[in-house]
Amino acid sequence: MMSSERFPCGWLQQLLIVLLKLSLSYAGPLQQINGTDCTARGPASYILVFTGHWSPLTFPKQYPLFRPPAQWSKLIAVTHNGQFRLWQEGATASAGAQSFAEVGVTVELVKGAKEARKRRAVGAMYRTAGIPSGIGHSSTELLMQARSSLLSLMVKVIPSPDWFVGVDSLNLCEGGQWKKEVTLDLHPFDAGTDSGFTFSSPNFPTSPPENITRITSQMPNHPANSFYYPRLKDLPPIASIRIIQQTARQTPMSNHILPNSISPQNFLETPLDCEVSLWSSWGLCLGPCSRGGVRHRTRYILLRPANAGVPCPELEEHAECTPHNCLKRQ
C-alpha cells in the first residue's frame with residue numbers, strides 16, 4: 001500500500017479547484033437553459049393594453065359594416081421561456097393557432113400551453129374580452145417571472161379567413177432589469193390555413209397549409225385582397241399594444257380599466273382609388289352607317305373611391321358607326 005504522505009492535502013485541494021473551474025466553464029450560465037437570459041430579482045407586474053385602430057379612414061377597402069361588422073376577438077397572451085412558441089412568422093401554424101385564427105376558438109391553444117407548462121416552458125396564460133368594433137381597448141394585468149420573461153399574444157381580425165395580429169416572444173427583461181414600458185404597432189398576419197382574399201370570404205382551406213406570413217399593402221399581390229393598397233409603401237398600424245410596469249405603490253387595476261395616459265392615436269386617411277370593370281363589347285348601330293350613326297359600350301364601378309382617392313373614369317363611351325357593325329332595319 002502507498003503512503004498517504006506522498007500526496008499532501010494542499011495538492012488535493014488544488015486539484016479539486018481546477019476540476020471545479022473546468023466544469024463551470026463548460027456548463028455556462030444557467031439562464032441560457034430557458035433561452036431568456038433574464039437575471040432580474042423578483043417578479044414584475046404589468047398592465048397590458050391592446051388598442052384597435054381599424055377604421056374606414058385607415059382601411060376603407062371592403063370595410064365590414066355588418067354581418068358581422070369590424071371587430072376584434074378576445075386576446076390570449078402567454079408568458080414563457082425560449083422552449084415555447086405560441087406562433088412564429090415563417091413557420092406553419094399549430095392546430096391551436098389555426099383554430100384561433102380561423103374561428104377565434106382558444107381551446108387548442110390553451111391545451112398546448114398547459115402541456116408546455118408541465119415542462120416548465122410556460123409561466124401563465126391571460127385573456128381579455130373581445131372588442132365589438134374596429135376601434136377600442138382591452139386590457140389585462142400580467143405577472144412576469146424571470147424564468148418565463150417572454151410574452152406572446154394573438155388577437156383575431158373579425159371577420160376574416162385566418163387573419164390575426166400578435167406578438168411573438170417579446171422579452172420584457174433586459175439583463176437584470178425589467179423594462180419599464182414597451183409600445184408596439186401591430187400589423188395583420190395570414191395564418192396560411194385558409195385561401196380567402198377578403199374579410200367575408202367563405203371557408204376555403206389551404207392544402208397543404210402554408211407558413212404564417214405578414215400581410216402588406218401589396219402582398220398578397222391581388223386586387224381583390226382586402227388589404228391591397230398599391231399606392232401605399234406600408235400599411236398603417238391596424239392595432240397596437242402598450243405594456244406598462246406597475247409599481248408597488250400603484251393601485252391594482254381591473255381588466256376593464258385603462259390608464260389615463262391611454263388615448264386613441266390619429267393616423268392619416270388611406271386613399272382608396274376607384275376600380276372599374278372592363279369595357280363591355282361595342283353595341284350594334286341603329287341608324288345610318290358612317291353618316292351620324294353611333295354605337296356605345298359601358299363599364300361599371302367595382303369599388304367606389306374614398307378618402308380623396310382617384311375618382312372614377314367615364315363609364316360610357318360612344319363611337320361613330322362603321323358599315324360592318326350596322327344593323328339594317330327590316
Side-chain angles (χ1 to χ4, degrees), residues 28-50 72-101 104-129 138-156 162 164-187 189 191-193 211-214 239-246 255:
L30 293 177
Q31 298 90 330
Q32 293 181 358
I33 294 176
N34 61 22
T36 65
D37 293 324
C38 181
T39 59
R41 294 184 178 180
S45 178
Y46 288 90
I47 179 75
L48 164 66
V49 181
F50 172 84
W72 299 98
S73 76
K74 67 188 76 173
L75 175 148
I76 182 166
V78 179
T79 64
H80 58 93
N81 61 28
Q83 306 303 315
F84 175 82
R85 293 304 268 272
L86 184 68
W87 67 277
Q88 182 181 2
E89 183 179 3
T92 55
S94 65
Q98 175 181 352
S99 178
F100 184 74
V105 175
T106 62
V107 174
E108 290 297 325
L109 274 183
V110 171
K111 181 179 178 181
K114 286 182 176 179
E115 289 296 323
R117 188 160 57 184
K118 294 177 182 178
R119 307 190 305 269
R120 301 180 66 84
V122 163
M125 292 173 283
Y126 302 90
R127 300 190 213 187
T128 71
S138 66
S139 65
T140 187
E141 291 178 84
L142 307 174
L143 183 64
M144 305 297 298
Q145 304 281 353
R147 66 176 180 270
S148 53
S149 63
L150 305 181
L151 175 69
S152 295
L153 62 87
M154 294 179 71
V155 186
K156 175 176 171 53
D162 60 343
F164 68 96
V165 297
V167 173
D168 174 30
S169 303
L170 171 66
N171 198 343
L172 292 178
C173 179
E174 193 167 11
Q177 300 291 328
W178 291 105
K179 296 178 181 179
K180 300 297 182 183
E181 183 175 329
V182 177
T183 301
L184 295 175
D185 289 331
L186 303 182
H187 298 272
F189 282 87
T193 60
N211 291 337
I212 296 174
T213 56
R214 178 172 164 175
S240 64
I241 60 165
R242 188 177 179 189
I243 306 170
I244 310 161
Q245 186 178 9
Q246 302 297 290
N255 284 1

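The first residue in the sequence is number 1, and the count goes up from there. The basis for the numbers below is simple: all heavy atoms, side chains too, and nothing from hydrogens, waters or symmetry mates.
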> Would you say Glu108 and Gln98 make side-chain contact, with heavy atoms under 4.5 Å?
Replying inline: no
> With side chains defined as the heavy atoms from C-beta onward, is the minimum distance between Thr79 and Tyr126 less than 4.5 Å?
Replying inline: yes
> So Leu151 and Ile243, side chain to side chain contact (heavy atoms under 4.5 Å, CB included) or not? Walk me through it.
Replying inline: CA-CA 11 Å; Leu151 175 69; Ile243 306 170; 3.7 Å; yes
> Once you round to the nearest 0.5 Å, how far does CG of Leu172 lie from CD of Gln177?
Replying inline: 13.5 Å
>> Just so I know, are the side chains of Val107 and Ser99 near enough to count as touching, which here means a heavy-atom distance under 4.5 Å?
In response: no
> So how far is it from Arg214 CZ to His187 NE2, rounded to the nearest 0.5 Å?
Replying inline: 4.5 Å
> When rounded to the nearest 0.5 angstrom, what is the spacing between OG1 in Thr193 and CD1 in Ile212?
Replying inline: 8.5 Å
>> Would you say the rings of Phe100 and Trp87 are close, in the sense that their centroids are separated by under 6.0 Å?
In response: no
> Looking at Pro43 and Leu143, what are the two nearest heavy atoms and their distance?
Replying inline: CB-CD1, 3.9 Å
> Roughly how far apart are Leu142 CG and Gln246 CD, rounded to 0.5 Å?
Replying inline: 10.0 Å
> Parallel, tilted or perpendicular for Tyr46 and Trp178, by the 30°/60° rule?
Replying inline: perpendicular
> Can you name the nearest heavy-atom pair linking Gly176 to Thr39, along with the distance?
Replying inline: CA-OG1, 3.2 Å
> How close do Leu150 and Ser169 get, heavy atom to heavy atom, and via which atoms?
Replying inline: CD2-O, 4.2 Å
> Do Ile76 and Val110 come within less than 4.5 Å of each other through their side chains, counting heavy atoms only?
Replying inline: yes
>> If the condition is salt bridge (Lys or Arg N to Asp or Glu O under 4.0 Å), which residues does Arg117 pass it with, not counting sequence neighbours?
In response: none
> What's the shortest heavy-atom distance between Ala97 and Leu109, and which atoms?
Replying inline: N-CD2, 3.6 Å
> How would you list, by chain and number, every residue that makes a side chain to side chain contact (heavy atoms under 4.5 Å, CB included) with Ala116, sequence neighbours excluded?
Replying inline: Phe84, Arg119, Ala121, Val122
> What pair of heavy atoms forms the shortest contact from Ala146 to Cys38, and how long is it?
Replying inline: O-CB, 3.6 Å
>> Are the side chains of Lys179 and Gln245 in contact, using a 4.5 Å heavy-atom criterion?
In response: no
> Rounded to the nearest 0.5 Å, what separation is found between the CG atom of Leu48 and the OG atom of Ser139?
Replying inline: 8.0 Å
> Where is the tightest heavy-atom contact between Ser240 and Asp185, given as atom of each residue plus distance?
Replying inline: CB-OD1, 3.9 Å
>> Checking Glu115 now: which residues fulfil salt bridge (Lys or Arg N to Asp or Glu O under 4.0 Å) with it, not counting sequence neighbours?
In response: Lys118
> Any side-chain heavy atom of Ile241 within less than 4.5 Å of one from Leu153?
Replying inline: yes
> Which value, rounded to the nearest 0.5 Å, describes the distance between Arg127 atom CZ and Met125 atom CE?
Replying inline: 7.5 Å
> Is there a side-chain contact between Ser152 and Arg85, using heavy atoms and a 4.5 Å cut-off?
Replying inline: no
> Is there side-chain contact between Val167 and Phe50, with at least one heavy-atom pair below 4.5 Å?
Replying inline: no
